[in-house]
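Data first, discussion second: the structure below is written as structure tokens.
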Amino acid sequence: MLNERLFLSFRHVMYSLRGGFLVRPLIIALTLGSAGALLSALEEAVPALSTWVPKVLFPSHADPQIAQVILGAIAASMMTVVSIVFAILLMTLTLASMQFSPRIIVSFARDRVTQGTLGIFLGTFSYCVAALPAARSVPQPFAPVLTVLGAMLLALACVAWLLFFIHHISQAISVNHIVEKIAGETEVIIDELMPEPRWRGRMAEASVPEPTEREAAVSSDVSGYVRFIDIGRLVFLARSYGVTIRIVRRVGHFVPAGIPLLTVSKGDRLSPGRCAELRGAFDLGPTRTLQQDIEFGILQIVDIALRAISPAVNDPSTAINCVDQLSRILIRFASREEPASLLYDPPGVLRVSMLWPDFERLVDQAFDQIRLYARADLAVSLRMLRALGDVARTIPEPAVKRRLAERGRRIEAGCAGKFDEDELGEVHLRVATLERLAGTPES
């Protein structure tokens, strides 16, 4: 039980290292603070190090007041700049949340430049504060001039970094940059979950065994979204207990406390300790994350597209960009072998079964809501038809192509009630192209 908790905690910390304003800035600040303390101590232990500092910068290497003034001034200025950086961040997050979608705050929190900006400024402050005690007048005057030179170099680096940060944040607030970044992160998750290229001639139909009367449910003891499932651990536990596990709530689902997470065959073999071990394979939290949740990346882009085509915003160009990025995600997903829904150990003995989001579901998540809201926007509807055509060209399975063509006909039917026939010529052409790709008779 302890090992599972430690593994999930370690994974959560690693995810936070990439996706939060806590871990990476804290590591940078502690590292630079430790560097200031160690360098000043080393300089006091080895006085010859001070001779490397040019006399032009410090004519008197024995005046601690100069070192104190420089270190104190840099530390105070760094905290002023940190407050400015935080103000810029809060303004950016508020603007992005109101204009695009509250979900994209996760994407901003994962921005390494922003994390590095906070880290280097807080680290420079920590460096100066850690070095200040070494600059003293009693009992014996000592000026850590080499350490002070390091603080001055850090201050110059902070000035350059601040200019870079302002330039970066002006680009990061661009909706095209935001959508592209979300799509790229979603592709990374697809590559991690589905590393093998698809080799079969058709997409596998996901299925799990039907529940039986002997199954016993293992309920969640906390409420939250399923953010990560340690499938390997569940397979190991199922083999150890001699049971079969059927996962009821997959990644991305919200699970209230007391609702089953999974069911176990031969429920008489369960004990409170074993139930706790099974729960330990699930990481639940207050929000969805991109650890294993491909749908969450798609939903973020869909949210931006829906807000863009709302009457209050009326920005079809942004919605078109979102549709383009959604097609990119779907093409990447279609090119990979889908995760196995049935896991065996040893071969032939079913241990764990669960349903992953399949291609059909992801297509629905990507385009259904946009299709409904874009009926009166011909440009967005045309781009969706083109995106469906692009996806269809990458899929060899005729049945899937026919379902994509059916979605194209729904888009065509939605536009038919909003535009005159002479305006729908391009729509009809793109639907006809979809149907040719699917090998179905053109209507």
Side-chain angles (χ1 to χ4, degrees), residues 1-15 189 192-196 203-296 337-361:
M1 177 63 182
L2 180 61
N3 291 336
E4 300 94 73
R5 292 295 184 186
L6 288 176
F7 172 78
L8 290 178
S9 298
F10 174 75
R11 182 177 179 87
H12 180 67
V13 169
M14 294 304 296
Y15 184 80
I189 300 303
E192 290 179 356
L193 291 177
M194 307 159 60
E196 298 297 328
M203 291 187 176
E205 297 291 337
S207 61
V208 296
E210 294 294 327
T212 63
E213 294 182 356
R214 293 187 62 191
E215 285 187 352
V218 177
S219 300
S220 173
D221 54 354
V222 295
S223 298
Y225 290 94
V226 180
R227 303 185 296 190
F228 176 79
I229 302 177
D230 188 354
I231 304 295
R233 180 64 183 172
L234 287 177
V235 171
F236 172 78
L237 293 175
R239 181 178 179 178
S240 301
Y241 304 158
V243 299
T244 299
I245 296 173
R246 184 167 60 89
I247 298 176
V248 180
R249 294 297 178 94
R250 56 179 174 80
V251 173
H253 281 174
F254 181 80
V255 185
I259 299 300
L261 283 169
L262 51 86
T263 60
V264 179
S265 66
K266 305 174 184 177
D268 56 322
R269 299 187 181 184
L270 287 181
S271 64
R274 288 182 171 182
C275 289
E277 286 187 324
L278 292 173
R279 292 191 197 97
F282 289 76
D283 178 24
L284 275 67
T287 60
R288 298 175 72 170
T289 67
L290 282 172
Q291 296 182 68
Q292 287 181 328
D293 196 350
I294 299 172
E295 280 185 287
F296 183 55
E337 193 71 25
E338 295 186 15
S341 297
L342 305 178
L343 301 174
Y344 300 87
D345 187 18
V349 180
L350 179 63
R351 292 305 181 189
V352 175
S353 64
M354 69 173 296
L355 279 177
W356 293 93
D358 58 9
F359 179 77
E360 298 290 328
R361 178 177 175 82

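- Of the candidates H253, R227, R288, D293 forms a side chain to side chain donor-acceptor pair (under 3.5 Å) with just one, namely R288.
- Nearest heavy atom pair, residue G258 against residue S219, reads O-OG, 3.4 Å.
- Under a 3.5 Å cut-off, the side chain of R351 and the backbone N or O of D345 do form a donor-acceptor pair.
- With R269 contributing its side chain and G242 its backbone, the two residues share a donor-acceptor pair below 3.5 Å.
- Contact between C275 and V218 at its shortest, heavy atoms only, is O-CG1, 3.9 Å.
- One finds the CG atom of L355 at 9.5 Å from the CZ atom of R246 (value rounded to the nearest 0.5 Å).
- Here the straight-line distance linking atom CG of L343 with atom CD1 of I231 works out to 6.5 Å at 0.5 Å rounding.
- Looking at S223, its side chain does come within 3.5 Å of a backbone N or O of A257 through a donor-acceptor pair.
- To the nearest 0.5 Å, atoms CG (L261) and CG (L278) are separated by 9.5 Å.
- The heavy-atom pair separating R249 from P256 by the smallest distance is NH1-CD, 4.3 Å.
- Between the CD1 atom of I247 and the CH2 atom of W356 there is a distance of 7.5 Å, given to the nearest 0.5 Å.
- In plain terms, the two heavy atoms of G252 and Y225 that are nearest each other are O-CD2, 3.7 Å.
- Between P357 and R250, the closest side-chain pair of non-hydrogen atoms falls below 4.5 Å.
- Y344 places none of its side-chain heavy atoms less than 4.5 Å from the side chain of V349.
- Side chain of E338 to main chain of D358: no donor-acceptor pair is present (N/O by atom type, distance under 3.5 Å, no hydrogens or angles).
- In this structure, the side chains of L262 and L234 come closer than 4.5 Å at one or more pairs of heavy atoms.
- Contact record, I189 with Q291: CD1-O, 3.7 Å, taken as the closest heavy-atom pair.
- For T244 (side chain) and S265 (main-chain N/O), no donor-acceptor pair under 3.5 Å exists by modelled atom type.
- For the atom pair CD1 of I259 and OG of S220, the computed distance is 9.0 Å after rounding to the nearest 0.5 Å.
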